[in-house]
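To keep things clear, I will list the structure first and then write my remarks on it.
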Amino acid sequence: MVFLCAPNNPTGNMLDREKLVHLLQATAGKALIVADEAYIEFCPERSQVDLIAQHENLVLTRTLSKAFALAAIRCGFTIAQAPVIAMLSKVIAPYPMPEPIAQIATQALSEKGLAVMLERVAILNNNRQLLQQALNELDCVTEVFPATGNFVLVRFKDSAKVFAAFANNGIIMRDFATKKRLENCIRITIGNQAEMEATLTTLKSL
Ligand SMILES: *Cc1c(COP(=O)(O)O)cnc(C)c1O
């Protein structure tokens with residue numbers, strides 16, 4: 001079994017569809033390729049779901065933790081061809097999901113639930129685009145990585161200074177500066193408009 005993390009944490013890199021198809025062909029009958037679609041609601045056009053019909057060894061995993069804002073119910077799902085799901089059903093724990101969780105998940109995936117999710121995604125995607133634009137114009141920024149989820153990786157001239165300034169203003173970021181090839185990089189999660197404005201105010205004060 002091969003797990004493919006997408007978007008990669010923290011770079012935000014997405015799977016290359018052509019390479020994925022090559023991999024599926026090369027491993028057909030030998031290995032399952034599990035591709036993560038945890039953030040796919042933020043960029044549905046990048047989903048690989050249509051490949052499932054032709055590839056029995058492709059498995060997609062999704063979650064209600066991100067775009068559906070339901071991390072606390074610990075619920076996700078698997079999309080694959082029927083034989084894979086049948087195999088999973090044999091090894092799954094007995095009674096794996098509490099009924100209240102199933103009810104919340106069903107509501108989240110109803111027409112009304114999906115509309116609420118799409119509205120949230122539109123707001124967050126807009127906040128991310130505004131942040132990315134603003135970051136590109138700042139002197140303290142050297143690189144804004146491509147982003148498709150609700151986070152963006154940013155390389156600064158001096159990330160220690162930036163991280164400290166955020167902390168002083170009560171904003172906690174994910175510091176990746178000590179990781180190889182991610183020197184001076186910080187991962188920013190997209191929040192509401194006020195949170196993004198506070199983030200930019202802090203950066204502009206440097
Ligand atoms: C959040 C996340 C998941 C799944 O999260 P759960 O809360 O365990 O469902 C999977 N992959 C990535 C990349 C994530 O960010």
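Since this is a predicted model, take the numbers as computed values, not measurements. Both counts, for ligands and for their atoms, begin at 1 and track the order of listing.
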To the nearest 0.1 Å, how far is [atom] from its closest protein heavy atom, and which atom is that?
atom	value
atom 9 (O) of ligand 1	T63 OG1, 2.6 Å
atom 14 (C) of ligand 1	K66 NZ, 2.7 Å
atom 7 (O) of ligand 1	S65 OG, 2.5 Å

- Item | Any I123 side-chain heavy atom under 4.5 Å of R120 side chain | no

- Message: When you compare the side chain of N184 with that of E143, does any pair of heavy atoms fall below 4.5 Å?
- Response: no

Quick check on contacts: which atoms of ligand 1 are under 4.0 angstrom from a heavy atom of [X]?
X	answer
D36	10 (C), 11 (N), 12 (C), 13 (C)
R74	6 (P), 7 (O), 8 (O)
Y39	15 (O)
A38	2 (C), 3 (C), 10 (C), 11 (N), 12 (C), 14 (C)

- Are side-chain N/O atoms of Q103 and E99 paired as donor and acceptor at under 3.5 Å? yes

- Could you verify whether a donor N or O on one side chain and an acceptor N or O on the other, from R62 and S47, lie under 3.5 Å apart? yes

- Message: Please give the remaining members of the hydrophobic cluster of I92, linking ILVMFWY side chains under 4.5 Å, ordered by chain and number.
- Response: none

- From the list D139, L135, V154, side-chain contact (heavy atoms from CB on, under 4.5 Å) partner of L203 resolves to L135

